[in-house]
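Have a look at the structure below before the remarks.
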Amino acid sequence: MTARIHDLGYREYEGHRAGVRWAMFSLGLHAVQRVLGLKRAARHKVLPALTIVLCFVPAIVFVGLAAFLPTSLLQDEQVLPSYAQYYGYIGTIIWLFTSFVAPEAICTDRRTGMLALYLASPLDRTTYVVSKVAAVSLTMLIITLCPNLFLLLAYTIEGAGPGGVTEFVELLVRIGAAGLLIGVYFGAYSAMVSSFTSRRSLASSAIVISFLVSGIISSTLIDGADADDRVALMNVATLPLRASTYLLGERPEGFRGLAAVDGSLVLAVTLALTAFALVVTWWRYQRIEVDR
């Protein structure tokens with residue numbers, strides 16, 4: 001056999017150049033697909049699929065109650081939970097999903113060396129961070145926003161929802177704002193923690209531990225040392241859930257801790273911590289050394 005080498009010379013690329021925006025969209029889409037296990041082996045789909053299903057199970061049960069029980073009974077006995085109370089049913093699932101999403105979307109690129117390839121494209125460090133955090137937050141919305149939207153529509157159809165178009169639109173806006181706040185908060189927080197390591201297991205563990213420790217410390221200081229209720233603002237796991245109660249116009253349950261803190265203050269701290277997490281994530285990626 002004889003080999004032949006054909007020198008075709010240099011050919012300039014003549015196709016369409018989509019630019020930075022398309023690169024950001026492609027990276028974000030790939031991150032969402034990776035987190036949800038799309039286009040991957042079946043074992044990668046189990047955890048995200050199970051988490052999403054579990055978030056909708058209580059909603060399906062309550063919609064079933066709304067369909068079979070009389071409307072008067074539902075209103076008088078308050079059988080159905082409010083939209084803010086629903087987050088109490090799925091809070092643990094949200095925290096579990098938070099500990100999985102960002103480490104899967106962010107840590108993997110650094111461990112496999114893909115970060116260097118992305119930075120060799122039209123993306124820079126800032127656009128990379130924006131794409132990843134946006135993808136993580138968008139994925140979080142599946143469990144922080146969609147269940148309550150499902151409840152709103154189902155309740156309205158069954159006659160247990162808002163009384164008119166104005167109330168429906170107002171409640172829709174409130175639910176959207178609450179779900180967006182929780183999704184972006186947990187997305188930014190998990191991205192911040194994940195930016196400090198390239199190991200997914202370590203990032204996930206750190207997120208879970210920070211949730212548990214902040215809750216234990218704040219509860220101990222308030223219940224054991226009779227500290228001011230505002231100490232509960234350090235509880236990073238429940239902070240956005242209490243802020244969502246304020247956005248939804250509902251009264252919090254309980255007399256101590258975050259329930260006793262003014263809702264506007266809780267919302268301000270939640271937004272400030274979200275902004276802090278975004279800035280820290282950006283700052284970390286400006287200083288991470290990349291081997292090309």
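We number each residue from 1, following the sequence as shown. Below, each value reflects all heavy atoms present in this structure, side chains not excepted, and no hydrogens, waters or symmetry copies.
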Of the non-hydrogen atoms in [X] and [Y], which two are nearest, and what is the gap between them?
X	Y	result
Asp229	Ala260	OD2-CB, 3.3 Å
Ile94	Ile143	CA-CD1, 3.8 Å
Leu233	Leu265	CD1-CD2, 4.1 Å
Phe97	Pro48	CE1-CA, 4.2 Å
Val35	Ala105	CG2-CB, 3.8 Å

Identify each donor-acceptor pair in which a side-chain atom of residues 199-207 lies under 3.5 Å from a protein atom, sequence neighbours left out, and give them as a table.
from: Arg200; atom 1: NH1; to: Glu104; atom 2: OE1; distance (Å): 2.8
from: Arg200; atom 1: NH1; to: Glu104; atom 2: OE2; distance (Å): 3.4
from: Ser204; atom 1: OG; to: Ser99; atom 2: O; distance (Å): 2.6
from: Ser204; atom 1: OG; to: Arg200; atom 2: O; distance (Å): 3.1
from: Ser205; atom 1: OG; to: Ser201; atom 2: O; distance (Å): 2.8

> In the hydrophobic clustering that connects Ile, Leu, Val, Met, Phe, Trp and Tyr at side-chain heavy-atom distances below 4.5 Å, which members other than Leu221 occupy its cluster, ordered by chain and number?
Replying inline: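 Leu221 shares its hydrophobic cluster with Ile209, Val213, Ile217, Ile222, Val231, Met234.
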> How would you list all residue pairs meeting side-chain hydrogen bond (donor to acceptor under 3.5 Å, both in side chains) that involve residues 263-274, not counting sequence neighbours?
Replying inline: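 Passing the test, one end in residues 263-274: Asp262-Ser264.
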> Could you give all pairs that pass the side-chain hydrogen bond (donor to acceptor under 3.5 Å, both in side chains) test and reach residues 163-178, with sequence neighbours left out?
Replying inline: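 Qualifying pairs, neighbours excluded: Glu170-Arg174.
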How far does [atom1] of [X] sit from [atom2] of [Y], to the nearest 0.5 angstrom?
X	Y	atom1	atom2	answer
Leu172	Thr156	CG	OG1	9.5 Å
Arg34	Lys39	CZ	NZ	14.0 Å
Ile175	Cys146	CD1	SG	11.5 Å
Ser194	Ile106	OG	CD1	5.0 Å
Arg251	Tyr246	CZ	OH	13.5 Å

Looking at side-chain heavy atoms only, is the closest gap between [X] and [Y] below 4.5 Å?
X	Y	value
Met140	Ile182	no
Tyr118	His30	yes
Phe150	Val63	yes
Tyr185	Leu273	yes
Tyr87	Pro147	no
Leu141	Leu180	yes
Leu271	Phe276	no
Thr238	Leu258	yes

Please tell me whether [X] and [Y] are part of a single hydrophobic cluster in this structure, the criterion being side-chain heavy atoms less than 4.5 Å apart.
X	Y	result
Ile93	Val208	no
Ile60	Leu149	yes
Leu29	Leu117	no
Val136	Leu47	yes
Val101	Leu38	yes

> Quick one: side-chain hydrogen bond (donor to acceptor under 3.5 Å, both in side chains) partners of Ser121, sequence neighbours excluded?
Replying inline: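 Checked Ser121 against side-chain hydrogen bond (donor to acceptor under 3.5 Å, both in side chains); zero matches.
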>> Run the side-chain hydrogen bond (donor to acceptor under 3.5 Å, both in side chains) test against Asp109 and tell me which residues pass, sequence neighbours left out.
In response: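 Per chain and number, Asp109 pairs via side-chain hydrogen bond (donor to acceptor under 3.5 Å, both in side chains) with Tyr128, Lys132.
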Could you pull out all residues at least two apart from [X] that satisfy side chain to side chain contact (heavy atoms under 4.5 Å, CB included)?
X	answer
Val20	Met24, Pro122, Thr127
Ala237	Trp95, Phe211, Asn235
Arg110	Leu115, Ser198, Arg284, Tyr285, Ile288
Ile142	Leu36, Ile52, Thr139

>> Apply side-chain contact (heavy atoms from CB on, under 4.5 Å) to residues Leu181 and Leu267 and explain how you reach the verdict.
In response: CA-CA 9 Å; Leu181 174 68; Leu267 177 60; 3.7 Å; yes
Any donor and acceptor pair, going by atom type alone, linking the side chain of [X] with main-chain N or O of [Y] inside 3.5 Å?
X	Y	result
Ser244	Leu241	yes
Asn148	Tyr83	yes
Arg230	Val261	no

> With sequence neighbours excluded, what pairs up with Phe25 under the ring-ring contact (aromatic ring centres under 6.0 Å, His included) test?
Replying inline: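 Counting only residues at least two positions away or on another chain, Phe25 forms a ring-ring contact (aromatic ring centres under 6.0 Å, His included) with Trp22.
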> Is there a donor in the side chain of Ser82 and an acceptor in the side chain of Glu250, or the other way round, less than 3.5 Å apart?
Replying inline: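 Their side chains do contain a donor-acceptor pair, which is all the 3.5 Å distance test asks for.
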> Do Tyr89 and Phe62 have ring centroids that are under 6.0 Å from one another?
Replying inline: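 Between Tyr89 and Phe62, which both carry aromatic rings, the centre distance is below 6.0 Å.
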> If you count the non-hydrogen atoms of other residues, nucleotides and ligands that lie under 6.0 Å from CZ in Arg21, is the total more than 12?
Replying inline: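 Check fails, neighbour count at 12 or below.
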Can you list, pair by pair, the side-chain donor-acceptor contacts under 3.5 Å of residues 186-193, counting residues two or more places apart and other chains?
from: Tyr189; atom 1: OH; to: Ser210; atom 2: OG; distance (Å): 2.7
from: Ser190; atom 1: OG; to: Phe186; atom 2: O; distance (Å): 2.8
from: Ser190; atom 1: OG; to: Gly187; atom 2: O; distance (Å): 3.1

> How far apart are the C-alpha atoms of Val266 and Leu239, what are their side-chain angles, what is the distance that settles it, and do they pass the side-chain contact (heavy atoms from CB on, under 4.5 Å) test?
Replying inline: CA-CA 7 Å; Val266 177; Leu239 190 64; 3.8 Å; yes
